[in-house]
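Report on the following structure.
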Amino acid sequence: MERYAAAVEESDAARQQERHYQLLSALQSLVKELPSDLALTLLDGTVFEIVQGLLEIQHLTEKSLYNQRLRLQNEHRVLRQALRQKHLEAQQSCRPHNLPVLQAAQQRELKAVEQRIREEQQAMDRKIVLELDRKVADQQSTLEKAGVAGFYITTNPQELMLQMHLLELIRKLQQRGCQAGKAAL
């Protein structure tokens, strides 16, 4: 049995090593072709405008999603305050011998409300992640259609990191271009 487990581990390690070699090979060919391909797409300045537009859309989306989450948190805060006030008023008007029963019922109600709040927050967080993932795919698609080397729709974390670095490079080149233009004036 131990030999079988060791063989499986060796097989998994070999597959993982093969995947690393494939990724490295793909990255090496991309790195060789990327600078000249990227330079050609950046010549007319259109890509800079596209990237700037995508960045603005991303910021608006992030701000909107942030505000939606803040509204939900505020609704939950108001709900908790109203529930506390309701419980306090009920306890103040309750007869002492009924107080333990009332408190137990209130504790169950509070747990149910807290569970609902957690579920709503998790649903909101899932919605936010899905919306951001959609925005990333839209950005990748837009840049791919614009002919920017290195951009295509992917969810692979390593490829996403490479695309993020490419975007950062494009933004830096854009900023340097703007600074050079201002210096010429």
- Message: Are Leu132 and Met124 connected into the same hydrophobic cluster when the rule is that any two of I, L, V, M, F, W, Y join if their side-chain heavy atoms are below 4.5 Å apart?
- Response: yes
- Message: Within the 4.5 Å heavy-atom criterion, are Leu70 and Asn67 side-chain neighbours or not?
- Response: yes
- Query: Which pairs count as salt bridge (charged side-chain N to carboxylate O under 4.0 Å, His left out) when at least one residue sits in residues 61-73, sequence neighbours excluded?
  - Reply: Arg69-Asp125
- Query: Between Ser141 (side chain) and Ala137 (backbone), is there a donor-acceptor pair under 3.5 Å?
  - Reply: no
- What closest approach, in Å, do Leu83 and Leu110 show between heavy atoms, and which atom pair accounts for it? CD2-CD1, 3.8 Å
- Item | Gln58 side-chain N/O to Lys135 backbone N/O, donor-acceptor pair under 3.5 Å | no
- Message: Are Leu54 and Val136 linked, directly or through intermediate hydrophobic residues, by side-chain heavy-atom contacts shorter than 4.5 Å (ILVMFWY only)?
- Response: no
Without placing hydrogens or testing angles, list every side-chain donor-acceptor pair under 3.5 Å for residues 94-102, not counting sequence neighbours.
none

- Query: Quick one: does His87's side chain get under 4.5 Å of Glu109's, heavy atoms only?
  - Reply: yes
- Query: Does the side chain of Glu75 reach to within under 4.5 Å of the side chain of Glu120, using non-hydrogen atoms?
  - Reply: no
- Report yes if the side chains of Tyr152 and Gln163 come closer than 4.5 Å at any heavy-atom pair, otherwise no. yes
- Presence of salt bridge, Arg134 and Glu131, under 4.0 angstrom: yes
